[in-house]
Amino acid sequence: MSVPKKLFIKTYGCQMNVYDSERMAEALGGKGYVETPTPDDADMILLNTCHIREKAAEKVYSELGRFKRLKAENPDLKIGVAGCVAQAEGQEIMRRQPLVDLVVGPQSYHRLPEMEEKTRAGEKALDTDFPEEDKFEKLRTRPKAARGPTAFLTVQEGCDKFCAFCVVPYTRGAEVSRPADRILTEARDLVERGVREITLLGQNVNAYHGAGSGGDLTLAQLIWELDKVDGLERIRFTTSHPNDMSDDLIEAHGTCSKLMPYLHLPVQSGSDKILKRMNRSHTADSYLRLIERIRAARPDILLSGDFIVGFPEETDEDFQATMDLVPEVGYGYAYSFKYSTRPGTPAAERPQVDEDVKTDRLHRLQALITKQQRAIQDAMVGRTVNVLFEKSGRLQGQMVGKSEYLHSVHVLNPKAGVGDIRPVRIVDSVTNSLAGEAIAQG
Ligand code: 5AD
Ligand code: SF4
């Protein structure tokens with residue numbers, strides 16, 4: 001038997017990249033690679049990059065520079081760049097950093113095995129196409145290996161919304177939905193391997209419109225199909241755009257018991273002027289009315305959001321509108337960012353807000369969000385939640401899992417194993433997690 005080659009993958013950014021990295025490891029598994037936790041002994045290093053954060057490309061170049069020594073020690077080491085920076089930079093990566101052997105964009109991962117062969121033959125391999133075929137269908141799936149109780153499943157990729165700050169429509173391309181039968185097959189396979197909770201992923205997941213046997217399915221219809229999968233207990237999805245929260249999806253939040261009461265629904269700003277400049281095509285008011293309808297369907301739903309501060313032309317008044325929106329919604333989680341330019345996006349060309357002003361606004365917004373987040377978490381004390389246990393905790397006999405609201409909950413001696421779902425009474429709220437007590441079942 002040949003000695004397995006070692007693959008080190010470093011993943012940056014969103015959950016879609018985590019999912020993609022798993023698929024890439026599986027594809028290269030077919031070429032005799034096994035994953036290694038360190039780059040030091042690797043035969044191939046892959047950086048699965050993200051272009052959302054500031055200076056993403058620069059960070060990738062500096063990370064690559066650090067592999068020079070490894071390549072000198074092991075001339076057979078192959079180095080690849082995948083993900084959104086690969087898509088955005090393309091050939092430029094190999095020009096600026098000649099030690100890179102392979103550059104692959106997010107739509108071409110199924111071509112990785114051939115690309116790897118090319119690099120072993122001493123050639124460079126570059127693929128940043130947007131091919132027609134479903135890359136996930138072409139990617140090898142690992143033989144029935146057991147896995148943890150939660151998994152991501154990409155159902156949709158790309159985006160046609162073109163928010164003025166965002167690179168996704170350029171790096172991930174146009175919106176494409178995977179056919180429903182493939183998603184269902186993958187879901188059943190995951191459940192057979194021990195998965196109890198699946199998070200459906202897509203940059204614009206609620207715009208899902210994949211082919212089904214009787215025509216296209218909406219995300220809600222796909223969720224109802226998944227609801228029928230025996231052994232699958234929990235369904236989540238992320239990330240949604242407010243304008244694609246269709247009636248059937250809102251209704252599913254009230255009627256589908258496997259769909260968890262948690263929704264990530266970015267608003268980005270509370271100012272209508274800024275929302276317009278962002279090309280968001282919703283207003284603060286239409287967002288709030290939408291939240292009202294979602295809460296009418298599922299009163300206990302926990303909401304999370306994304307915000308950008310310091311977008312071009314944002315005045316103190318515009319920022320105040322964002323600060324005013326936060327308490328109106330009541331976010332259980334929220335992520336906030338300073339606007340930073342992405343070359344090629346419309347807002348990058350506009351006059352920019354002063355960096356100190358951005359920093360000040362970010363601190364104020366984050367302080368408000370943290371307070372609200374903590375208040376919502378604290379309000380769980382005394383309530384009973386269902387916890388899906390994921391792993392052992394730091395203390396002897398302690399288990400850690402997630403409630404339906406995605407709060408992290410730790411329980412001493414829950415008489416439950418990994419993958420079990422148990423009712424738990426919340427007794428304390430600490431930084432970033434809740435303490436619970438198992439409820440005796442009789
Ligand atoms: N600057 C700051 N934040 C950004 N995001 C996306 N692009 C930018 C940018 N250019 C944020 C948005 C999005 C989240 C994933 O990242 O809030 O919802
Ligand atoms: Fe980017 Fe989301 Fe806007 Fe699409 S909807 S352009 S992914 S922020």
Side-chain angles (χ1 to χ4, degrees), residues 12-18 49-59 83-85 87-88 106-107 154-177 201-209 219 237-246 263-271 274-282 284 286-287 290 303-314 318-319 322 325-326 329 331 333-353 355 357-359 361-362 365-366 369:
Y12 302 79
C14 64
Q15 292 114 327
M16 300 203 46
N17 269 8
V18 175
T49 61
C50 166
H51 207 305
I52 286 273
R53 297 277 78 84
E54 197 169 11
K55 299 196 183 78
E58 292 314 311
K59 284 179 193 150
C84 292
V85 173
Q87 188 66 43
Q107 301 312 324
T154 295
V155 302
Q156 176 278 335
E157 271 195 289
C159 181
D160 297 337
K161 296 274 191 295
F162 290 92
C163 297
F165 50 81
C166 185
V167 282
V168 166
Y170 310 94
T171 56
R172 292 271 171 169
E175 200 190 296
V176 180
S177 296
L201 297 179
Q203 267 97 20
N204 211 174
V205 72
N206 56 344
Y208 177 83
H209 54 93
L219 184 66
F237 60 89
T238 195
T239 288
S240 297
H241 190 287
N243 290 7
D244 292 312
M245 278 312 293
S246 54
L263 179 64
H264 183 61
L265 198 60
V267 64
Q268 313 296 0
S269 169
S271 152
I274 294 299
L275 287 169
K276 198 157 186 192
R277 303 274 198 283
M278 286 177 164
N279 192 30
R280 289 287 294 178
S281 51
H282 61 78
S286 69
Y287 179 83
L290 174 63
L303 292 160
S304 80
D306 288 345
F307 292 91
I308 294 177
V309 300
F311 188 76
E313 293 178 70
E314 187 187 69
D318 294 318
F319 174 65
T322 299
L325 180 118
V326 171
V329 176
Y331 288 100
Y333 293 96
Y335 308 88
S336 44
F337 313 96
K338 280 195 265 188
Y339 172 70
S340 71
T341 53
R342 296 289 168 280
T345 58
E349 311 301 324
R350 301 178 192 164
Q352 301 295 313
V353 171
E355 196 57 31
V357 173
K358 284 188 202 173
T359 306
R361 288 180 187 165
L362 185 69
L365 179 60
Q366 285 185 336
I369 287 168

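In each ligand, atom 1 is the first atom listed, and ligand 1 is the first ligand listed. Fair warning: this is a prediction, and the values are worked out from it, not measured in the lab. Side chains included, hydrogens not; waters and symmetry mates left out as well; all remaining heavy atoms used.
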Show me the side-chain donor-acceptor pairs of residues 157-166 shorter than 3.5 Å, one per line, residues at least two apart or across chains.
| residue | atom | partner | partner atom | Å |
| --- | --- | --- | --- | --- |
| E157 | OE1 | K135 | NZ | 3.1 |
| E157 | OE2 | K135 | NZ | 3.1 |
| E157 | OE2 | R172 | NH1 | 3.0 |
| D160 | OD1 | E175 | N | 3.0 |
| K161 | NZ | N204 | OD1 | 3.2 |
| K161 | NZ | D244 | OD2 | 2.7 |

Pull out every atom of ligand 2 sitting under 4.0 Å from any heavy atom of [X], numbered as shown with elements.
X: F165; answer: 8 (S)
X: P169; answer: 6 (S)
X: K161; answer: 4 (Fe), 5 (S)
X: F162; answer: 6 (S)

Which residue and heavy atom of the protein sit nearest [atom], plus the separation:
atom: atom 1 (Fe) of ligand 2; answer: C166 SG, 2.3 Å
atom: atom 1 (N) of ligand 1; answer: S340 N, 3.2 Å
atom: atom 5 (N) of ligand 1; answer: R53 NH2, 3.7 Å
atom: atom 6 (S) of ligand 2; answer: C163 N, 3.3 Å
atom: atom 2 (C) of ligand 1; answer: K338 O, 3.3 Å
atom: atom 2 (Fe) of ligand 2; answer: Q203 O, 4.3 Å

F165 N/O to ligand 1 N/O under 3.5 Å:
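In this structure, F165 places an N or O atom under 3.5 Å from an N or O of ligand 1.
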Contact check: Q268 vs ligand 1, nitrogen or oxygen atoms, below 3.5 angstrom
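Yes - when backbone and side-chain N and O of Q268 are compared with those of ligand 1, one distance drops under 3.5 Å.
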Atom CG of L303 and atom CG of L263: how far apart are they, to the nearest 0.5 Å?
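Output value for this atom pair is 6.0 Å.
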What is the distance from atom CG of L362 to atom CZ of F337, rounded to the nearest 0.5 Å?
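Answer for the CG-CZ pair, L362 versus F337, is 9.5 Å.
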Check whether any side-chain heavy atom of [X] lies under 4.5 Å from a side-chain heavy atom of [Y], and answer yes or no.
X: F311; Y: R350; value: yes
X: P312; Y: R277; value: no
X: Q156; Y: L219; value: no

Counting only heavy atoms closer than 4.0 Å, does ligand 2 sit against the backbone of P266, its side chain, both, or neither?
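The answer is neither; P266 stays 4.0 Å or more away.
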Under a 4.0 angstrom heavy-atom cut-off, which atoms of ligand 1 come close to Y339?
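Selected atoms, number and element: 1 (N), 2 (C), 10 (N).
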Specify whether an N/O/S atom of C159 falls short of 2.8 Å from atom 4 (Fe) of ligand 2.
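Looking at C159, which is the residue asked about, there is an N, O or S atom under 2.8 Å from atom 4 (Fe) of ligand 2.
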Among T239, D306, L290, exactly one meets side-chain contact (heavy atoms from CB on, under 4.5 Å) together with L265. Which residue is that?
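One option only clears the test, and that one is L290.
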Test side-chain contact (heavy atoms from CB on, under 4.5 Å) applied to V267 and T322, V329, L325, V326, the passing residue
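Output: one option passes, namely L325.
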Tell me whether H241 has at least one N, O or S atom under 2.8 Å from atom 3 (Fe) of ligand 2.
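No - counting backbone and side chain alike, H241 has no N, O or S atom under 2.8 Å.
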Pick one of side chain, backbone, both or neither for how F337 approaches ligand 1, counting any non-hydrogen atom pair under 4.0 Å.
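The side chain, only.
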State, without any angle test, whether T359 and R361 hold a side-chain donor-acceptor pair at a distance under 3.5 Å.
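Side-chain D/A pair, T359 to R361: absent.
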With distance as the sole test, does Q352 use its side chain to make a donor-acceptor pair with the main-chain N or O of A347 at under 3.5 Å?
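Yes, the answer is positive, given that a donor and an acceptor are paired below the 3.5 Å cut-off.
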Closest by any non-hydrogen atom to atom 14 (C) of ligand 1: pick that one out of D306, V168, T239, V167.
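The option holding the nearest heavy atom is D306.
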Quick one, I52 with V168, criterion side-chain contact (heavy atoms from CB on, under 4.5 Å). Give me CA distance, side-chain angles, the key distance, then yes/no.
CA-CA 8 Å; I52 286 273; V168 166; 4.1 Å; yes
